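Predicted model only: the values in this text are computed from it and were never measured. Convention: sequence-line order gives letters A, B, ...; per-chain numbering from 1.
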2 protein chains.
Amino acid sequence: MTANTAHGGRAPSMQDVARLAGVSLGTVSHALNKPEKVSERSLQKVRTAVEQLGFVPNSAARSLAAGSSTTVGLVLTDIDNSLFVDIARGAEDEARKSGHALLLANSDIDLGRQESYLDIFDEARVAGILFTPMNASLEGVDRVRRHGRRIVLVNYAGGRQDCCAVLSDEEYGGYLAARHLIGLGRRRLLFAGGPEEFYAIKERRNGALRAVTEAGNVTMEVIPSRRLKSDEGRKIAAAVADRPAGQMPDGILSPSDRIAAGVIHELMARGLQVPDDVAVIGYDNNHFTTEAAISMSTVSQDGHLMGAEAMAILLDEIRNPDHEHRVLTLKPQLVLRESTLGPNGRPRPEEDRRAGMAPANPAPL
Amino acid sequence: MTANTAHGGRAPSMQDVARLAGVSLGTVSHALNKPEKVSERSLQKVRTAVEQLGFVPNSAARSLAAGSSTTVGLVLTDIDNSLFVDIARGAEDEARKSGHALLLANSDIDLGRQESYLDIFDEARVAGILFTPMNASLEGVDRVRRHGRRIVLVNYAGGRQDCCAVLSDEEYGGYLAARHLIGLGRRRLLFAGGPEEFYAIKERRNGALRAVTEAGNVTMEVIPSRRLKSDEGRKIAAAVADRPAGQMPDGILSPSDRIAAGVIHELMARGLQVPDDVAVIGYDNNHFTTEAAISMSTVSQDGHLMGAEAMAILLDEIRNPDHEHRVLTLKPQLVLRESTLGPNGRPRPEEDRRAGMAPANPAPL
DNA sequence: AACAGATTTTGAAGCGCTTCATCTGGATCA
DNA sequence: TGATCCAGATGAAGCGCTTCAAAATCTGTT
């Protein structure tokens, strides 16, 4: 356990290392950062001194001198939604490959926090920022970019093209979900939940609508909700469960797994069979969907891939001088489980086959 | 949208602001940090200049000059376990109250990452670190403390007393869970899952054992598992489900909600009734437990409170020169739901009443 | 009008590191 | 042998900010 031989109370600095190693300050810096530029002899002396002093580089000083730091920041919307956890992991895995550390900030669906964390990363002069913005508010993006900060948007981009982004085709996801239900023979659909102001939700609804229109003899009702939590799903299910047989929806699609879980719960509590009476499909492929009342069909956006791609793009923007902005839109995939297929994974109609399905249990629990 | 009037490509510095405002560098600094020390006139001039330049302070330079930064780091074990999400939120709420920002790092149950994030926060000279260590490895703690970094351990402390910590009484949690099952009349318990090397799990098992011993006519079998995921629960349930009636456990307690969910799933798939045939209780009160196959009884550690208390202690350590190290151990609470009480929240035996129960749905989903 | 005391402002000295122009000491070659 | 190179090492100039002693300005008194 190497002793801390620095004088005074302060942590040992490179100057201390230099003194102890009997070389100049610059040599220590080189030894630490570009060892190939330094003779084996000096390298050894420096290493020994570092060890002996328990020297830890001061990253504030390094960032200041170098002009920018090497860590990357990720501002997350909601750490409690496993999609974002997946994004964080994807980003981290990719960052790690090239020696960058990833620091997270959770805005918890709060616009103020979101902006303030953006500023914190900006003030820290991070190498780059990954940002999953909430609806509205992209002003922070412009602000930090004006300071030269590189930023890649993930999951939402408010339609801007002047900035790198990795998105999910929300409209297509809604389309897939509705087509799946229709393919199962469902004709009275319900689009359950979601504040319609959210871009993603509007898109998913539009996609569902497109499938309905294509099918012809299908109707789709829409009951929005203020939030995306499961109790809202319960309320919605309660509101339709009492209807006479011919009026009940026979297929429910929800823009969030949580709402779908609430719907399923409430339906089952009222004695209805899922999926026999009503098939239900969620959205996001949250980790808990395998544990839900009955395992839940859902639309999966590959969060890990989104995070990894976004980080790759960001790193390119950082390192490649002739980087060009690009927007990558990933296609979501159906993940079919009991809430639409039933306990035996009943053979499903032809139509679904073509709709691009992912294996049923992609996310290891 | 204020134009960036700085010369060259670089971001405007305080020097630029000073020049534009027609005051000295020091005055700008004061205006920004202790406005009460500066005349109204200068304050206005500085503010205008800041606005006009779109000036953003460089936190690297600030940390360097001031000797330490104002942000606090939290190294999390597993961002995918909602207990840690709760801890992060509690910590963040508390930090925010006193103007500190919280940056997260997710070690993803990887010792190497854990250490490396500790170092990153150390190198960044953060004001303090909150750390939820995995089993073993506390060497990082000593390392960063040697550099003067303040650190508070959360959820696990490896028995050290020389360092602030906020813990949960794991033994008592196990005791509560087992006592609850015993109180329901269960006599053949099964402690299902968990690598026994984990301190928390060993403790919970010990607590359960204590309840069993106290009760007298109760047995408890232990089947460990390598990980804490739901498929391990499935395996364990499968392994006992085929036993003849008298040999089947009638109460299963698991050291993780995930395993418990797997257990419940598998039991139900094999036609067994939960809780009638087997009552099941988990641990952690993860957010998904309300959505599980049947809503799950569990032992709740109040993550939000743990995070908030830990942050409060850390802030005291940062600000209060005669801070004394303290270890705070919180008592976990029972959260009783269907997986032990049945669908109607069947009246429960007297014994549980005294055992300190939390309201049934404390965590809003 | 002159002065002590309080209030503001100033300027300079770092904080610990990177970087770059310079300098050194061999090795290489004619 | 002396001129030429070149890998390595050096030292100093910042990076943008905080802080503090010293200077300047403003109060209220006498």
Side-chain angles (χ1 to χ4, degrees), chain A residues 6-46 49-50 53-71 122-127 147-148, chain B residues 6-46 49-50 53-71 122-127 147-148:
Chain A
H7 9 278
R10 39 183 259 312
S13 70
M14 274 178 67
Q15 193 58 259
D16 298 321
V17 174
R19 201 152 25 228
L20 180 62
V23 299
S24 79
L25 181 56
T27 301
V28 177
S29 175
H30 284 140
L32 261 31
N33 300 316
K34 19 196 90 161
E36 73 280 5
K37 297 256 167 200
V38 168
S39 74
E40 193 56 39
R41 236 170 59 83
S42 312
L43 210 53
Q44 279 313 328
K45 288 195 288 185
V46 169
V50 164
L53 291 172
F55 167 75
V56 174
N58 181 325
S59 63
R62 177 203 294 259
S63 310
L64 180 57
S68 111
S69 98
T70 168
T71 69
D122 188 19
E123 292 175 13
R125 306 294 196 262
V126 294
H147 304 324
Chain B
H7 9 278
R10 39 183 259 310
S13 72
M14 273 177 69
Q15 194 57 259
D16 298 322
V17 173
R19 201 151 25 226
L20 181 60
V23 299
S24 80
L25 181 56
T27 301
V28 176
S29 176
H30 284 138
L32 261 32
N33 300 316
K34 19 194 93 160
E36 73 281 4
K37 298 254 168 203
V38 168
S39 74
E40 192 56 36
R41 236 170 60 81
S42 310
L43 210 56
Q44 279 312 329
K45 288 195 289 185
V46 170
V50 164
L53 291 171
F55 167 76
V56 174
N58 181 327
S59 63
R62 175 202 297 260
S63 312
L64 180 56
S68 112
S69 99
T70 168
T71 70
D122 188 20
E123 291 175 14
R125 306 292 195 266
V126 292
H147 303 325

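- At C:dT8, none of the side-chain N or O atoms of B:Ser39 fall inside 4.0 Å of OP1 or OP2 (strictly under the cut-off).
- Each of A:Ser29 and B:Gly22 has a nearest nucleotide on DNA chain C; the 5'-most of these lies closest to B:Gly22.
- Between B:Arg125 and A:Val56 there is a side-chain heavy-atom pair separated by less than 4.5 Å.
- With contacts defined as side-chain heavy-atom distances shorter than 4.5 Å, the pair B:Val46/B:Phe55 does not qualify.
- Distance CZ (B:Arg19) to C1' (C:dG11): 15 Å, rounded to an integer number of Å.
- If you check every strand for non-hydrogen atoms under 4.0 Å, B:Val23 touches sugar and phosphate atoms only.
- Projected onto DNA chain C by closest heavy-atom contact, B:Leu64 and B:His30 fall at different nucleotides, the more 5' of which corresponds to B:His30.
- Both B:Val56 and A:Val38 lie near DNA chain D, and the one whose nearest nucleotide falls closer to the 5' end is A:Val38.
- In this structure, B:Ser42 reaches the sugar-phosphate backbone alone: every heavy-atom distance under 4.0 Å involves primed, P, OP1 or OP2 atoms, never a base.
- Residue contacts for A:Gly67: at a heavy-atom cut-off of 4.0 Å it reaches no nucleic acid atom on any strand shown.
- Atom-to-atom, NZ of B:Lys37 to C1' of C:dA6 comes out at 12 Å; the value is rounded to the nearest Å.
- The side-chain heavy atoms of B:Glu123 and A:Pro57, taken from C-beta on, include a pair separated by under 4.5 Å.
- Interface limits on DNA chain D: the 5'-most and 3'-most nucleotides within less than 4.0 Å of chain B heavy atoms are D:dG16 to D:dC20.
- A:Asn33 is listed as a side-chain neighbour of A:Arg62, based on a closest heavy-atom distance under 4.5 Å.
- The side-chain heavy atoms of B:Met14 and B:Ser29, taken from C-beta on, include a pair separated by under 4.5 Å.
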Problem - Derivation of the side chain to side chain contact (heavy atoms under 4.5 Å, CB included) call for B:Val28 and B:Lys45 - result: CA-CA 9 Å; B:Val28 176; B:Lys45 288 195 289 185; over 6 Å; no
